[in-house]
Amino acid sequence: MRIATWNINGINARLPAVLTWLDETKPDIVGLQEIKCLDENFPRAEFESRGYNVETHGQKSFNGVALLSKIPFDEVHRGLPSNDEDPQSRLIEGVFSTEDGGVVRVCNIYLPNGNPVDTEKFPYKLGWMDRLYDFVEQRLAYEEPFILMGDFNLIPTGFDCHDPSVWWGDALFRPESLEKWRRIVNLGLTDALRATTSEQAFTFWDFQAGAWRRNAGIRIDHLMLSPQAADRLTGVTIHKDTRGWDKPSDHVPVEGDFTLAGRPAKAA
DNA sequence: ATGTCAATAAAGTATTGA
């Protein structure tokens, strides 16, 4: 089963690229971040015609997340629990039945950026991470294949960026951010990319300052796995080529492959 | 601070967020 995450930076601007990539890659489940539209404005028919079930948690202009799945949704959850007052749409989770009678739970997040750090945006990020910690702790207690994926806006280590000195002090690399990141990871999540390679890899190249041309990237898009999901991981692919396409997102898709028994989109 | 881009309000261009 192919499960992928991609911050598309606006579905209106990115629809052709997303459809091209979907047709090439044929993932089973996809989490999109920064759809930047209301639920009613998401072009769901374009995905439904390709065999995807579509669930969104949208927001006008900013943020917004979506899940596409060839497997029907058994459950959908929107927003962090006990965070109902959060006006920002940053989490959507789906639960799916697999052909072998099992289950896979996929949570798609757009973790707050947190910059500039001297504004309310930084404490908002840290508070969101505190609530994410409680959520992950609860989800791991289910002891089922669980994939927490998305744009985490977190650079795990200095090796995950081209030049750590450039990112020093940034909300994506601040000690306070990384301490909370490690606290969540240490609950028992496996970083899928790091489980499969020790090579340096990036998932984001800024639009500014020729970052793509200089390969001045960072790794902030992650698939984080429960033990039961990590057991089934067979590979990770970063779809770097999409960054060189026309009208690219500043992020590229990250795909995880799992020995989970998918269910066909249509009856045989 | 940015060799940039997307969305919005509003009618060409500034603002916001990243």
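On a predicted model such as this, the values are computed, not experimentally measured, just so you know. Numbered from 1 within each chain, the chains take letters A, B, ... in sequence-line order.
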Using the C1' atom in both, what is the distance from B:dG12 to B:dA7, to the nearest Å? 16 Å
Classify A:Asn12 by what it touches in the nucleic acid, base, sugar-phosphate, or nothing, heavy-atom distance under 4.0 Å. sugar-phosphate
Sugar-phosphate only, base, or nothing, as touched by A:Phe204 at under 4.0 Å among non-hydrogen atoms: nothing
When all nucleic acid strands are considered with a 4.0 Å heavy-atom cut-off, which category describes A:Arg213: base, sugar-phosphate, or nothing? base
Nucleotides bounding contact with chain A, strand DNA chain B, heavy-atom threshold 4.0 Å: B:dT2 to B:dA18
Result for 5'-nearest mapping on DNA chain B, choosing between A:Ala209 and A:Gly10, is A:Ala209
C1'-based separation of B:dT15 from B:dA10 [nearest Å]: 12 Å
Please determine if A:Asp151 and A:Arg90 form a salt bridge, counting it only when a charged side-chain N lies under 4.0 Å from a carboxylate O. no
Please check if any side-chain donor atom of A:Trp21 sits under 3.5 Å from a side-chain acceptor atom of A:His239, or the reverse. yes
Could A:Lys70 and A:Tyr52 be counted as a cation-pi pair, given that NZ or CZ must be under 6.0 Å from the ring centre and within 45° of the axis? yes
N-O pairing of A:Arg139 and A:Glu144 below 4.0 Å: no
Okay, side chain of A:Asn108, backbone of A:Leu67: is any donor-acceptor separation there less than 3.5 Å? no
For A:Asn63 and for A:Asp206, locate the closest nucleotide of DNA chain B by heavy-atom distance; then report the residue assigned to the nucleotide nearer the 5' terminus. A:Asp206
Looking at A:Arg105 and A:Asp74, does any basic side-chain N land under 4.0 Å from a carboxylate oxygen? no
